[in-house]
Structures are given as structure tokens and as C-alpha cells.
Protein chains: 2
Amino acid sequence: MPEDDKKMAEGLQSVILTMQIVDQVARTGKGVGVTSLATALGTSKSRIHRHLQTLVQQGYVFQHEDSERYEIGHQLVSLGQAVLDNSGLIGSTRDSLLALRDRLGHSAVASQLTPDGMLVIATVPGRSPIEIGVRVGSLLSFHGSAQGKAATAFSSEAFQRRVLTGDLTAFTEHTITDPAKLSAELDEIRRRGWATAPNQAALGLNTLASPILDGSGAVCGTVGIVDLTQSLAAEPGPEHTAAVMETARRISVLMGHSGPLPFG
Amino acid sequence: MPEDDKKMAEGLQSVILTMQIVDQVARTGKGVGVTSLATALGTSKSRIHRHLQTLVQQGYVFQHEDSERYEIGHQLVSLGQAVLDNSGLIGSTRDSLLALRDRLGHSAVASQLTPDGMLVIATVPGRSPIEIGVRVGSLLSFHGSAQGKAATAFSSEAFQRRVLTGDLTAFTEHTITDPAKLSAELDEIRRRGWATAPNQAALGLNTLASPILDGSGAVCGTVGIVDLTQSLAAEPGPEHTAAVMETARRISVLMGHSGPLPFG
DNA sequence: GAACACAGTTCCGCTGAACGGGACAAGCCT
DNA sequence: AGGCTTGTCCCGTTCAGCGGAACTGTGTTC
């Protein structure tokens, strides 16, 4: 975001608008109106209206009978389901996540490696009364999250270099922004098989994560647990790290990995 | 569909194409190429390419690094999650569905009332080794499914009339297509509080469903169980009907319904 | 109950965003 | 080498889709 908006290669406007509308409608539980959408997206009512009508006609959006607000349509529900079904690891992980949660009590999280960051693809809430966790669909940075560091540490050297020389934005005062320090931490993570990021992604929160390897032996994601920093220490006890690494190993096997993991 | 295609009010083409592309990409687990999309959707490669580039740029679609296939992007995963979070009953139902499945062993299903039919919003697989069920996102008819009949029976008379005088397509030879017969069945459903549709939506399948009422006392969906006709009789035993009706009552309370239900 | 404000919807002439078709490069198979 | 795929890029043409204003219905205010 900070750099590179000199030309800002524009895409097809109608595609952008369509997805913006779908996004807004999907995220607004109880229906949106034409006018509020128009002002929110900064365009004319008629444009929004025409787009909405098309989406209604196609079944992605549903217009409430008494001709008022627009909400999610059945095609979108179907689409949402298909998305979650097909987003990679998800099928293999849910049961393992539940088991991990039951074993340790903390929220469990699975993430997938993408070029832009670690994509959170599945979570199960912890047993504590207050809801701690990461939203499915969030994109975590490579340098500022336990997931990102765990994945990076076990990736190719070329990839590690890309991360180390790339954007190291500080999310909190604890985020590691010095390439040398980060590189040292990656070595440490590679040695022991797990990563933490106490207060590095958000103040008060800590995550413990281990990498998942696929059939080709490459990192494809991570599993881990999330909790308040006070409940999940920067250096978790062996029962925590063992449980997470064991879960990572089990999911790796489900993903087709054979042979020993490079840790544990 | 049969009638009313004289003018076929077309929507915005780019919106339609955008959603078609998103749909295809989301439903194809392991990535699609430009050319296959172009032929599948019957348009030019360049058009598809431009749309895809825009979607990539917006993060809805992700283009595999070695410049090959296109697959689901993180924005879509996030969108899918938002959709499922916000599609009405869903939050209130999952636990109840699991309990219902554990109690009876059959697949459990929740559906939501929409103007076009009953939208399946949540399912949990049964305990039998073979997978029986309805896909989330399916749209069930009012006259040809247990869900539809259960909802219709407890809806307003105006709505019932609309269903009775509307399209009564036969899905199998057992689908009720006679308005008088359907009306009689609705009376019966209203009296006892549950509906079945043995072999009426699909041969070999049966469903048992009861309506869910919201805070205003109006029907907003159904809960039920699905199984093979041979495992779930047309007139299920009292332990089945009681369990389903009890689940419906519990979810109704969660939806804000107070006071007695018009059955049970 | 007239006047207002604000919702969603519809209409129409103008225009530039998006289209098609073809060229191009890169990677597969023979 | 060739042929046969991919995905990507270019450019002149054109009609899809835009803005803006008019219309309709509903709830609110005096």
C-alpha cells in the first residue's frame, strides 16, 4: 500500500463493482439498501440498482419481498459452501483441529500458504468463555505471525530471502522488523519445529504454530493454537509444543507427506 | 421457466460473467485455465482473461505462481465465511443439528424460508457409512419436499394459496401434483407438527421436517433428518417425530420465539 | 391532508469501457 | 526441428452500461 500507486493498473470496473457489492451484501447480516450501497461505494444509485437487479436475477442476492432491502441469495450460500469445501487443507484439518482444541483447550487454527501471506482457512473456538481467535479468511503476514514464521522457516532459501528483504511492517512494538534478527529466529524455529509470535501480530495475543508439509515435501500451511499472551507463554511448555507438532505431523500425512518431518 | 420468456429481461452481462467465473473457479478444487473457462462459458479468451486479471488484482482469485491455473483467492474464502456466518439461522442451529444427529443417527438438515423455496443452510452427516444428505445451498421446492411442506403448512393462508396454485412440477412419480391432495396433506401436517416426503423429492430418499418459528411467530425455516426411504419410514416412529419437533422448538426459542408452538 | 423527505425504480440519449480477433511468447508433446 | 497447446497483449470499433433526472410509493411532519 505505501509504495507503488503510480499507475495502479486498473481492472475492469464492472467486475470490481460487482464484487464490492457482493462483499457488502454478504457482510451485512440484515440487508442493505440501494442508497447506502451507492454512498458507501461512491457511485450512482442507478448503477448499483442495475447491478443488484442482475445479481437478484441470477440468485446471488435476494430482494426482500416487501421491496425493501437486499440480502444474501441462495447462489451465494452455495458458493460460500463450495469455497470452503475446496479451499485446500480444510477437509483434512477440521477433525485434527477439534482434537487439538480438546487436548489443550486453546483455540485451534489452520492456515494455508499463499503468495500474499498465510490464509486462515479453519478455526475452532477454544474452551474459554471469552472468544479468542482469528477470523477465517484473514491474511497473516510472513514476518509478523507465528504461522508466517513457521511456514517461512521451512520454505526454500529463495523464499526466505524474499521475506527477509521484503516489507517488514511493525504491527505492534514487538513485531520483528530487523532482517538479521528475523533470520536468527527462523533458524531457531527450524531447529525446534515450532514458532510463536507473542504480541507481535496484536498486543495481548500469542500464537503457537508448526508447519504442514504436502506430498512433495514443501510447506503448504500451518496448524496452531491462539490465546491471550497471559494464557499462552512465549515459550510454551513441552505438552503444548508436542501437541501442536504432532497435529502438524498427522495433517501432513493426510496431505500425502511421507517420510520424516524435518523436526520433532 | 416454462412460461414468461418473451422478453427475458437480461441483466448486466459483465455482472453475470463475473459471477459465472467466480462460481466456476470456486467449484473447481484444483484450478482452472483461461481456455477451459472460455469454452465452458462460451465467450472469448481475452474477455475471460481480463475479468480474471481483475479478480486476481482484487484478491478474489489467485493465480498460481508458475503462471498456470487460476484458483480461489483469499477474498473469496473470507467472503464464503461471511456468507455462512450471516445466512440467518446458521449460528443457532449447528449445535442442535449435531445433537439431533447423535440422538437418531440420521443426517440432520436445517433449511431457511426464501421466496424461491427452502434454502438448505446447514447439514451434518449421519452415522451410516454411506453419505446421505442434501448439499448446503440447495433450493428445495415448497410442494415437493418435507421442508417445503412443513414450512408452507404453518405459513399464512395467502402463501399457502400461492403454493397450491403455483408450479407443482413432479420430481418423481410420488410427488404430489394435485392441489386438493396437497391441501389435505398440509392440513394433516399442521395437525401433527411434522412433514415427510417419501420418494417425493428424489426416489429412494425420505425426509422428516418440522418448522422453526421466529420472534414474530412466522415460519422462518425447518429442521429435519434425511435418510434412505428404507431407513426412514413414511410414518416415522414417535421417537423420531418427537426428537425433530423438540429440536425445532429449541431452535425456535433461540430465534426469539416465545410462547407455545402451534403443534406438539 | 398538503407538503416534505427519502426510499427504490425507470427512462433515455451519449460515450468511453470493454469487446473481438488476431498476434505473440512460452511450454509441452511428438 | 515442427506442430499444438497454453496464457498474455494490442488496438480500432461499438454497443453495453452510464449519469442524471423524472417517477412512484411510504413514512413523517406540520
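The sequence lines fix the lettering, A, B, ..., with proteins before strands; numbering per chain opens at 1.
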| task | Run the numbers on A:Val61 and A:Ile21 for side chain to side chain contact (heavy atoms under 4.5 Å, CB included), then give the verdict. | result | CA-CA 10 Å; A:Val61 168; A:Ile21 293 176; 5.6 Å; no

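Atom CD1 of B:Ile21 and atom C1' of D:dG7 are 15 Å apart (whole Å). The nearest whole Å value for the distance from the CD1 atom in B:Ile16 to the C1' atom in C:dC19 is 16 Å. Here the C1' atom of nucleotide C:dA17 and the CZ atom of A:Arg50 are 14 Å apart, to the nearest Å. Put simply, CD1 on B:Ile48 is 12 Å from C1' on C:dC19, counting in whole angstrom units. Whole-Å rounding puts the B:Lys45 NZ to C:dA25 C1' distance at 12 Å. Straight-line distance from the CZ atom of A:Arg47 to the P atom of D:dA16: 17 Å, rounded to whole Å. Taking atom CG on B:Leu55 and atom P on C:dA18, their separation rounds to 13 Å, with Å as the unit. Between the P atom of D:dC15 and the CG atom of B:Leu17 lies a distance of 19 Å, rounded to the nearest Å.
Side-chain atoms of B:Thr169 and B:Asp167 form a donor-acceptor pair, as typed in the model, at a separation below 3.5 Å.
Between A:Tyr70 and C:dA7, a side-chain N or O to OP1/OP2 separation shorter than 4.0 Å is absent. Contact between the side-chain N/O atoms of A:His51 and the OP1/OP2 oxygens of D:dG17 is not found at any separation under 4.0 Å. Phosphate contact (OP1/OP2 of C:dT9, side-chain N/O of A:His49, threshold under 4.0 Å): present. Proximity of B:Ser14 to the phosphate of D:dG17: a side-chain N or O atom is located under 4.0 Å from OP1 or OP2. Distances shorter than 4.0 Å separate some side-chain N or O of A:Thr35 from OP1 or OP2 on C:dG8. For the pair A:Gln53 and D:dG17, the criterion of a side-chain N or O lying under 4.0 Å from OP1 or OP2 is not met.
Among the heavy atoms of the strands lying under 4.0 Å from A:Ser46 is at least one base atom, whether or not backbone atoms are also near.
When the nearest nucleotides of DNA chain C are assigned to A:Val32 and B:Ser44 by heavy-atom distance, the more 5′-ward of the two goes with A:Val32. Both A:Val34 and A:Val15 sit near DNA chain C, but only A:Val34 has its closest nucleotide nearer the 5' end.
Heavy-atom minimum distance, B:Gln160 versus B:Thr152: CG-O, 3.2 Å. When every heavy atom of B:Ala201 is checked against every heavy atom of B:Gly144, the shortest pair comes out as CB-O, 3.3 Å.
In this structure, A:Phe171 has its ring center under 6.0 Å from that of A:His143.
Looking at A:Val223 and A:Ile212, their side chains come closer than 4.5 Å, going by heavy atoms from C-beta outward. For the pair B:Tyr60 and B:Thr54, the minimum side-chain heavy-atom distance is 4.5 Å or more.
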| query | Dot-bracket for DNA chain C: what is it, with Watson-Crick or G-U pairs under 3.5 Å, [ ] where a pair crosses earlier ones, and | for a pair to another strand? | reply | |||||||||||||||||||||||||||..|

